[in-house]
Amino acid sequence: MMLKTRLIQGLMLGLTLCTMHVTGKEVVQLATHDAYPYHYVENELVKGNVIRQVQCAFSRMEAPYRAEFDSWVEAELKLRTGKLDAIFAVAQSDARMRYGTLSIPMARKHLYWYFSGAEMDINDNNPLYKKYKVAAEFGSDEWFDIKRKGYNVQMKPRSGNALLKLLLGHEVDAILIDEHEFEHELAKFKLQNTNFSRREYGTIELGILFSKAFLKKRPTFLEAFNTAASNCIVADDRKL
């Protein structure tokens, strides 16, 4: 059964397996992560607005590629060590710019602090902000951001589901998560009518991070991809 499941996932997530043998071109190796509404698996189907943009851009370029789902930590490690050509969708950072180059923005993540009770003054300009136990998805852009800012981050949840469980179990005072992902996880728990407090954190732009080693081999690729992707921005509820 496990072998069958892995085979089904491989056929689903190797999004252009059918073009590999037709074009004869080198396949671009990509990885992403389950993050609603950008790229996620639901009822054994790959969905998401960034997924659709990736499909569209590579189709316009007639470039074969293979995409797999992995943890953020593993995906970034594979990119740095040359096992992947690109990961998506991520934000720009000084660390990433040392080994990769980001595409044009393909999505914007709207982040909020969520509280199970009353809203707290958790901003880092509050001298007491470090007393609050907080969490974000381990390995995500927001997790690294609050770690750099000195927040009291002890937990390492690896999904939005695990993050919400920490908040519901009062193991943390607040969680930092994309507003769409939070609503999506609430629906899974059938808690849409539950009241949560929230405080806006900020918005970050997300793109595809191509490794510098890959772009050195294919120096015209990024410009071509950006041109194709700029014509593939679609609303969340539309299909290409």
Side-chain angles (χ1 to χ4, degrees), residues 32-40 50 70-77 79-80 87-100 102 105-207 209 236:
T32 188
H33 180 64
D34 196 332
Y36 183 91
Y38 312 104
H39 22 75
Y40 62 101
V50 174
D70 209 335
S71 71
W72 277 138
V73 176
E74 286 299 317
E76 294 224 23
L77 178 61
L79 186 69
R80 291 198 302 269
I87 58 176
F88 66 94
V90 298
Q92 182 167 310
S93 71
D94 292 340
R96 287 184 177 135
M97 294 309 102
R98 288 196 289 268
Y99 59 87
L102 204 64
M106 303 185 76
R108 287 176 175 81
K109 183 184 286 190
H110 303 284
L111 295 169
Y112 285 84
W113 288 114
Y114 284 91
F115 314 91
S116 59
E119 180 183 329
M120 304 172 188
D121 183 6
I122 208 165
N123 289 341
D124 58 355
N125 57 7
N126 175 7
L128 301 178
Y129 80 99
K130 292 183 180 180
K131 77 173 185 178
Y132 299 110
K133 291 182 180 180
V134 300
E137 187 174 342
F138 180 62
S140 65
D141 293 295
E142 48 271 27
W143 187 87
F144 283 111
D145 195 43
I146 59 178
K147 283 290 288 185
R148 284 193 297 267
K149 291 179 177 178
Y151 278 90
N152 184 2
V153 185
Q154 299 178 15
M155 304 294 187
K156 295 182 178 180
R158 296 178 180 269
S159 67
N161 185 278
L163 198 55
L164 182 55
K165 285 181 178 179
L166 289 178
L167 187 63
L168 293 172
H170 303 287
E171 296 183 63
V172 294
D173 297 304
I175 60 173
L176 184 62
I177 188 172
D178 175 87
E179 62 175 338
H180 298 298
E181 185 173 11
F182 183 76
E183 294 297 329
H184 183 64
E185 295 301 333
L186 281 186
K188 291 181 182 178
F189 283 95
K190 301 186 185 303
L191 296 173
Q192 300 96 316
N193 296 323
T194 305
N195 290 324
F196 291 87
S197 303
R198 73 176 190 174
R199 175 184 285 263
E200 187 174 9
Y201 183 80
T203 301
I204 56 177
E205 293 185 332
L206 306 174
L209 184 69
D236 291 357

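Index from 1, following the sequence.
- Considering OH of Y129 and CD1 of I122, their distance stands at 10.5 Å, rounded to 0.5 Å.
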I would like to know whether E171 and K133 meet side-chain contact (heavy atoms from CB on, under 4.5 Å); could you show each step before the answer?
CA-CA 8 Å; E171 296 183 63; K133 291 182 180 180; over 6 Å; no

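- Contact record, L166 with A135: CD1-CB, 4.0 Å, taken as the closest heavy-atom pair.
- Expressed to the nearest 0.5 Å, how far CG of N125 lies from NZ of K149 amounts to 10.0 Å.
- Taken from OG in S93 to CD1 in I204, the straight-line distance is 10.5 Å, to the nearest 0.5 Å.
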Working for side-chain contact (heavy atoms from CB on, under 4.5 Å), residues L191 and L186:
CA-CA 5 Å; L191 296 173; L186 281 186; 3.9 Å; yes

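- When side chains are defined from C-beta on, D141 counts as touching R96, because their heavy atoms get closer than 4.5 Å.
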Please determine whether salt bridge (Lys or Arg N to Asp or Glu O under 4.0 Å) holds for the pair R148 and D124, giving the CA-CA distance in whole Å, both sets of side-chain angles, and the decisive distance to 0.1 Å.
CA-CA 11 Å; R148 284 193 297 267; D124 58 355; over 6 Å; no

Could you go step by step and tell me if K165 and F189 meet the side-chain contact (heavy atoms from CB on, under 4.5 Å) rule?
CA-CA 10 Å; K165 285 181 178 179; F189 283 95; 3.6 Å; yes

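- For the ring-ring contact (aromatic ring centres under 6.0 Å, His included) test with W113, the passing option among Y132, Y151, F196 is Y151; the others fail.
- Shown here for I175 and L163, the closest heavy-atom pair between the two residues is CG2-O, 3.6 Å.
- Y112 approaches E200 most closely through the heavy-atom pair CD2-CA, 3.4 Å.
- Note: T203 OG1 to L111 CG = 7.0 Å, rounded to the nearest 0.5 Å.
- The environment of CG in D94 is sparse: at most 12 heavy-atom neighbours from other residues, nucleotides or ligands sit within 6.0 Å.
- A ring-centre distance under 6.0 Å is not found for F144 and W72.
- With K109 as reference, E142 is the one residue of E142, E179, E181 to meet the salt bridge (charged side-chain N to carboxylate O under 4.0 Å, His left out) rule.
- Between the CG atom in L164 and the CD atom in E185 there is a gap of 6.5 Å [rounded to 0.5 Å].
- Closest of all the heavy-atom pairs between H180 and P37 is CB-CD, 3.7 Å.
- Across N126 and D121, no two heavy atoms sit closer than the pair ND2-O, 2.7 Å.
- At least one donor-acceptor pair under 3.5 Å links the side chain of D178 to the backbone N or O of H110.
- One finds the NZ atom of K156 at 5.5 Å from the CH2 atom of W143 (value rounded to the nearest 0.5 Å).
- Formation of a donor-acceptor pair under 3.5 Å by the S116 side chain with backbone atoms of L168 is not found in this model.
- In this pair, Y114 and F182 present their aromatic rings parallel. The plane angle is below 30°, not in the 30 to 60° band.
- Side-chain atoms of H33 come within 3.5 Å of backbone N or O of D70 as a donor-acceptor pair.
- Counting only distance, with no hydrogens or angles, the side chain of D173 and the backbone of V134 share no donor-acceptor pair below 3.5 Å.
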I'd like to know whether L209 forms a side-chain contact (heavy atoms from CB on, under 4.5 Å) with Y99, so could you lay out the CA-CA distance, the side-chain angles of the two residues, the decisive distance to 0.1 Å, and finally the verdict.
CA-CA 9 Å; L209 184 69; Y99 59 87; 4.0 Å; yes

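- Across A91 and L102, no two heavy atoms sit closer than the pair C-CD2, 4.1 Å.
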